[in-house]
Structures are given as structure tokens and as C-alpha cells.
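For the numbers below, each heavy atom of this structure counts, side chains included, while hydrogens, waters and symmetry mates do not. Labels below follow one simple rule: chain letters A, B, ... track the order of the sequence lines, proteins then strands, and each chain is numbered from 1.
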2 protein chains.
Amino acid sequence: MQDAPNSRAFARHDHAHCAGDMMARAEALSRDKGLRLTPVRRRTLEILLEAHRALGAYDVLDRLSAEGYGNQPPVAYRALEFLVEQGLAHRIRRLNAFTACMHPGEAHAPAFLICRLCDAVAEAPAAAVRAALDKAASDLGFVIERSNIEALGLCPACRTGAAA
Amino acid sequence: MQDAPNSRAFARHDHAHCAGDMMARAEALSRDKGLRLTPVRRRTLEILLEAHRALGAYDVLDRLSAEGYGNQPPVAYRALEFLVEQGLAHRIRRLNAFTACMHPGEAHAPAFLICRLCDAVAEAPAAAVRAALDKAASDLGFVIERSNIEALGLCPACRTGAAA
DNA sequence: GCTATGTATGTTATACTATAACAAGTCAAG
DNA sequence: CTTGACTTGTTATAGTATAACATACATAGC
Ligand SMILES: [Zn+2]
Ligand SMILES: [Zn+2]
Ligand SMILES: [Zn+2]
Ligand SMILES: [Zn+2]
């Protein structure tokens with residue numbers, strides 16, 4: 001059921017462990033905040049974690065419907081929207097896709113690094129980036145509420161492996 | 001034919017002058033680089049400049065077709081793609097929209113500040129932001145080729161004018 | 001218990017965004 | 001005037017996202 005992950009977020013790691021850890025954090029977070037991490041929502045998050053790369057809403061929907069959940073777009077979009085709002089997932093606008101957050105709970109304004117060859121998506125720590133952005137905005141009198149910082153390029157593996 | 005601009009990029013200015021200036025720059029740039037700034041492409045850029053805010057591809061298409069150009073999506077998408085590739089316009093992914101570049105010719109990695117109330121879009125200087133992003137990427141061994149930096153929030157006018 | 005209320009899910013239908021593929025026209029070099 | 005590169009137009013279709021309504025489920029009062 002699970003695609004072979006073609007991304008390791010730029011570094012080999014014990015993926016089963018990392019996914020399990022994220023789920024545990026998500027459940028703790030839901031308990032603390034009184035959120036309802038229902039079966040569809042939980043399964044959606046698991047799907048994102050298993051894929052370990054950005055998935056389109058319809059990719060998620062395919063998997064959900066194959067497991068007996070609704071098979072219409074709103075089912076996936078609503079679950080994904082919930083996860084994004086709660087900070088458990090992020091939306092990658094450049095890819096029209098979603099990815100599980102790797103630092104749930106920690107307040108963070110992430111930057112995403114997208115490899116154009118292998119489609120890996122890494123969530124880079126971006127406190128400094130966000131600070132610079134806040135500065136640029138406040139110079140114009142603008143107050144930032146949400147931000148999307150996305151970069152396209154080559155991940156370490158693809159950079160050394162291929163010349164394109 | 002021209003919408004009342006609801007944005008002034010956060011500052012009053014002589015819009016006719018600013019648009020004319022941008023067109024002049026675009027033509028100079030095209031001459032220098034041997035590009036073909038054809039009627040559709042030129043008109044598309046003018047439309048973006050007149051609107052002075054981000055326009056969807058279909059908004060542009062409506063205007064183009066009303067003026068006798070083709071009325072099918074590829075007409076607009078191709079002209080917009082050309083402008084973006086030549087650095088004469090930018091794509092705002094958060095809005096599925098396009099906006100004329102306010103600094104054509106100058107190498108720049110812009111950040112876009114999008115007001116969620118009045119839809120104004122400002123192109124903020126973001127050299128510092130981009131530098132911080134490059135640093136974050138290189139720490140992970142990632143090489144950035146293109147980036148989208150977009151922020152949603154409140155522009156100065158909407159911040160003082162309304163409490164929402 | 002039983003109902004009222006809010007929330008979540010399922011479903012239908014449709015709107016919006018984007019591109020593939022091919023045909024026809026334009027332009028400049030040779 | 002023919003060739004070849006490029007631009008525009010058109011048809012058709014793919015891909016992304018949401019509105020609106022119906023049903024089911026939970027929890028909290030009564
Ligand atoms: Zn995150
Ligand atoms: Zn890669
Ligand atoms: Zn620009
Ligand atoms: Zn505003």
C-alpha cells in the first residue's frame with residue numbers, strides 16, 4: 001500500500017521510528033489541545049508520514065478511499081486542512097501538495113527545500129529566514145500572519161549523483 | 001477597461017508613470033537581450049501593470065480576448081510564462097496569480113507581501129531573506145535554483161483602517 | 001434515557017487552474 | 001522563394017479545489 005519513499009529528507013534515518021514519533025507527538029498534541037484526531041484525520045497523517053514526501057490531495061484521497069473512507073475530494077481536503085491548521089502538516093504550494101510536519105508542536109516558520117530531480121522535500125529550520133522576512137515586511141509597515149517559503153533546487157544526493 | 005486598482009503597493013504613487021516606466025524598461029531589456037516582445041506579450045504585461053495587483057491567468061485571458069486576441073487558456077499562459085521567464089513578471093503561487101515585476105532587469109529574489117483584506121501585493125526587497133535562505137539550505141547541502149517567498153498579512157492601510 | 005446542539009463525514013455537483021497536442025500563421029536567413 | 005525556428009490560435013482534456021446539502025456521530029443538558 002505504501003510507495004517506496006524516494007526521499008529521505010536528505011539524510012538516511014530510521015523512518016519507522018521517525019513516523020511513529022511524529023504520530024505520538026500528534027496524539028499528545030491533540031490531547032493537550034482538546035482536538036479531535038478522528039480516524040480519517042489520523043490515517044491521513046499516517047499516509048503523509050508513510051509516503052515521506054509531498055502528496056497531492058488526490059494521492060491521499062486514493063489511499064483513503066482504498067481503505068474504506070469516502071472517495072470524494074472533500075474527504076481528503078478537509079482532513080488535510082485540519083492537519084495544516086493544527087500545525088501537523090504543511091502545504092507546499094509549488095507542488096500543489098501536502099507533507100507531514102517534522103516538528104509538530106514547536107512553533108516554527110518552516111522553509112521547504114524541494115529537489116527538482118527526486119522530489120524530496122525537506123523542512124529546513126528557518127528562524128533566521130523568517131526574521132529577515134519580518135524585517136523586510138515591517139520596513140514597509142506590513143504585518144505578516146502566515147508565510148510560505150519554498151525553494152527549488154538540488155538535494156545533496158542528486159547534486160553529486162547527476163549533472164543536470 | 002482597467003479595474004480600479006485597489007492596491008497601491010502600500011504607498012501612493014504616480015501609477016501612470018510607474019507603469020510607463022516599467023514598460024520602457026521591458027522594451028529596453030528586450031532589445032538588449034534580443035527577445036521578442038510581441039503584441040500579445042506586450043499587452044499582457046501592460047494588463048498586469050494596469051491592474052497593479054496580482055491577476056489570475058483567466059483574468060488576463062478575459063482582457064486579452066476582449067481586445068481581439070485568442071480566447072483560449074494557452075494564449076494567456078504562454079504570454080505569462082514568457083514574462084516570468086524573462087523576469088518581467090512574477091508568479092504568486094499562494095494566489096494562483098501573476099503580477100508585473102517592479103524591478104525588471106535588476107537581479108533580485110523578491111519576497112511578496114500579500115494583504116488578505118485588500119489583495120494588494122508588494123514586492124519587497126529580500127536580499128537578506130534570500131541570503132538567510134541560502135544559508136539554511138547550504139547547511140543541509142541543498143543548492144537553491146529558484147525560490148518563492150510569500151507572506152500573507154495586513155498592509156499598512158488595512159492594519160490601521162480595520163480591525164479584523 | 002432522550003433530545004438538543006455542534007461537529008464530522010459522505011456525496012453530488014461544479015468551479016477554477018493548467019497543459020498536451022496539433023494546425024496555421026509569421027519572420028528572417030540562406 | 002524555400003526552409004526552419006518560433007509564435008499564435010484552437011481543440012480537447014487533465015488536474016486542483018470548493019460550495020452545498022444530507023447523514024451520522026458525539027457530547028451536554030434536561
Ligand atoms: Zn513543520
Ligand atoms: Zn534529489
Ligand atoms: Zn521583481
Ligand atoms: Zn490591505
Side-chain N or O of [X] closer than 4.0 Å to phosphate OP1/OP2 of [N]:
| X | N | answer |
| --- | --- | --- |
| B/Arg78 | C/dA21 | no |
| B/Asn96 | C/dC16 | no |
| A/Asn71 | C/dG10 | no |
| B/Tyr77 | C/dA18 | yes |

Separation of atom [atom1] in [X] from atom [atom2] in [N], rounded to whole Å:
| X | N | atom1 | atom2 | answer |
| --- | --- | --- | --- | --- |
| A/Leu35 | C/dG6 | CG | P | 19 Å |
| B/Phe82 | D/dT7 | CZ | P | 7 Å |
| A/Arg36 | D/dA24 | CZ | P | 16 Å |
| B/Glu85 | D/dT7 | CD | P | 10 Å |

- Would you classify B/Arg41 as touching base, sugar-phosphate or nothing, given that sugar-phosphate means primed atoms plus P, OP1 and OP2, and contacts are heavy atoms under 4.0 Å?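 Contact class for B/Arg41: sugar-phosphate only.
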- Identify whether any heavy atom of B/Arg93 sits under 4.0 Å from a base atom; if not, whether one sits that close to sugar-phosphate; answer base, sugar-phosphate or nothing.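 B/Arg93: no heavy atom of the nucleic acid under 4.0 Å.
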- Task: Decide if atom NZ of A/Lys135 counts as having more than 12 heavy atoms of other residues, nucleotides or ligands within a radius under 6.0 Å.
- Result: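 Not more than 12 within 6.0 Å, no.
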- Any donor-acceptor pair under 3.5 Å joining the side chain of B/Tyr58 to the base of C/dA15?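 Answer is no: no donor-acceptor pair is held.
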- Item | Residue B/Thr38, side-chain heavy atoms: nucleotide from C/dG10, D/dT18, D/dT8 that is nearest |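 It is D/dT8.
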- Query: When you measure from the side chain of B/Ala57, which nucleotide among D/dT18, D/dT10, C/dA18 comes out closest?
  - Reply: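 Per side-chain heavy atoms of B/Ala57, the pick is C/dA18.
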